[in-house]
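Below: the structure, in structure tokens.
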Amino acid sequence: MKRIYYIAACLLALITVLPADAQEQNATQNRQQQQKGPRASRGERETAKADNGLPELTVRAQDLNERLTQEIGNARWMRVIYRRVDLTKEKNTPLYYPVHPMNGQMNLFSIMFQLLSEGKLKAYEYVDGYEVFDEAHLINFKELLDRFHVYYEEVAGKRGGEPALVINESDIPSEQVRSYYVKEAWYFDQNNSLFDVKTLAICPLLSLDNDFGQTTSPMFWLPYENIRPYLNTAFIMTSNLNNVAAFTIDDYFRRRMFEGEIIKAQNLMNQPLQAYCTSPDSLKREQERIEKQLASFEESLWMNADSIKLAEDKTSKKDKGKATTGKEEKAEAQKAPKAKAAKTKAPKAQKSAPVRSIRRR
């Protein structure tokens, strides 16, 4: 009897253990499927969005944004450059026109302003020399409007919520934003053998006319990673000859189709160029020197192939040959008039015939 009870107890234990193992296996399989599926990635993106302050986007837009993100954490060499992009120059006008929304097209500041008003983006305080993108430096949109004298109208919120701000398109100061500060990082990633430029942040500059003349004041810093998914769908016209909007604003920045002068290169003293360049000529020389440093560093990374060197040597020899032939032609041209002058000399005087003397007669 004892054996029978013992066998029955073992059977009951097996019956209770097997379903528990099956449940654990199913749970692990479900976890693996969830990790591979879109729900888990969506949850990860939501947590990352809550931590980093990323905008609310669809899953597809977030996937595209992750693929286009340039990682600079593994960079072995990096230099941070600040540029001022003047929108009055012809090369930078695609970021300025149309001044007001027209035919579904908007300029860069209109897109920024609309996203900030809808609460899809977070702007950060402009502090000269220190760009800190944290909660302590966030800008309240209403305070921003009051600071730069932008007219708005408060409308009572639904069901006792916060009041909404209504701003007319004509009151958006997109026409007065005529320049931008662009912060970019020139970096070399040794793991991927990549030398590239990444746009880090953008700051619009508001130009106002008053009794003292024209004053320009920075408005706020906006991380480029947060606004890039929206700029990737904003098409602009980049040529006067071809009116097709074939490029987006993101392409405009990634391809470096703009033109901006260097105002600062990150250094230990955290000084802009104007702090140690006292004259316009010295400022221009310093800008050219920094540009040459960036270009020479990129050239020093790569080793030219032998075929390229041979082609360069041949072209240099041809140029030298052309130069020598040109010199010989010039020398011959200079000798030619001398030879002609020698040939056209006056003939020698001939001897006259003897004449008898009159006295002897």
Side-chain angles (χ1 to χ4, degrees), residues 54-55 57 60-72 79-116 120-121 123 131 172-187 194-207 218-264 287 291 294-295 298:
L54 294 176
L57 297 170
R60 185 176 181 181
Q62 291 183 22
D63 287 335
L64 181 60
N65 190 27
E66 289 174 2
R67 287 197 297 270
L68 293 177
T69 300
Q70 297 170 273
E71 298 293 340
I72 60 176
R79 192 165 190 186
V80 178
I81 302 295
Y82 295 80
R83 296 182 184 272
R84 179 169 181 171
V85 179
D86 188 3
L87 302 186
T88 58
K89 294 183 179 179
E90 185 178 358
K91 202 170 183 180
N92 302 325
T93 49
L95 299 177
Y96 186 68
Y97 293 101
V99 178
H100 299 289
M102 181 179 62
N103 298 328
Q105 291 185 348
M106 302 169 67
N107 63 0
L108 178 57
F109 184 77
S110 298
I111 296 173
M112 288 182 179
F113 196 86
Q114 182 178 357
L115 293 173
L116 290 172
K120 295 181 179 179
L121 285 182
E131 297 81 33
I172 298 175
S174 59
E175 186 176 359
Q176 298 172 350
V177 176
R178 302 188 184 96
S179 57
Y180 287 92
Y181 286 155
V182 178
K183 182 182 179 181
E184 58 188 13
W186 293 66
Y187 68 97
L194 178 67
F195 184 81
D196 204 353
V197 187
K198 179 181 180 180
T199 305
L200 299 177
I202 303 175
C203 174
L205 304 177
L206 188 68
S207 300
M219 298 183 70
F220 52 83
W221 278 111
L222 193 63
Y224 187 75
E225 292 289 335
N226 294 358
I227 195 175
R228 184 180 60 191
Y230 300 100
L231 301 183
N232 199 27
T233 58
F235 288 87
I236 55 175
M237 185 179 66
T238 58
S239 174
N240 293 326
L241 300 177
N242 186 8
N243 301 139
V244 177
F247 296 97
T248 63
I249 299 180
D250 184 37
D251 297 333
Y252 191 81
F253 280 101
R254 291 177 69 89
R255 294 169 179 254
R256 299 190 53 76
M257 302 169 69
F258 62 92
E259 183 181 9
E261 60 179 6
I262 298 175
I263 59 171
K264 180 182 175 181
Q287 291 171 348
E291 294 283 3
L294 297 173
E298 184 180 5

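Keep in mind it's a predicted model, so treat the numbers as computed, not measured.
- For the residue pair T199 and Y224, the shortest heavy atom distance occurs at O-CB, 3.5 Å.
- Of all heavy-atom pairs spanning F113 and P173, the tightest one is CE1-CD, 4.5 Å.
- Considering only residues two or more places apart in sequence or on other chains, K264 meets the salt bridge (Lys or Arg N to Asp or Glu O under 4.0 Å) condition with none of them.
- The heavy-atom pair separating Y96 from S174 by the smallest distance is CE1-O, 3.8 Å.
- In this structure, R178 and D86 approach most closely via the heavy-atom pair O-OD1, 3.5 Å.
- The two residues A123 and F220 have their closest heavy-atom pair at CB-CD1, 3.7 Å.
- Listed by chain and number, the residues in a side-chain contact (heavy atoms from CB on, under 4.5 Å) with L194 are Y187, D189, N192, D196 (sequence neighbours excluded).
- Scanning for side-chain contact (heavy atoms from CB on, under 4.5 Å) contacts around P218 gives Y126, Y181, C203, L205, with sequence neighbours left out.
- Checked against side-chain contact (heavy atoms from CB on, under 4.5 Å), R79 has the following partners two or more places apart in sequence or in another chain: W77, I81, A265, I290, Q293, L294.
- Sorted by first and then second residue, the salt bridge (charged side-chain N to carboxylate O under 4.0 Å, His left out) pairs involving residues 245-257 (not counting sequence neighbours) are E184-R256.
- If you check the side chains of Y230 and Q114, you find no donor sitting under 3.5 Å from an acceptor.
- Pairing each heavy atom of P229 with each of E225, the nearest pair is CD-O, 3.5 Å.
- By the side-chain contact (heavy atoms from CB on, under 4.5 Å) test, N92 pairs with V85, L87, K89, Y252, F258, E259, sequence neighbours left out.
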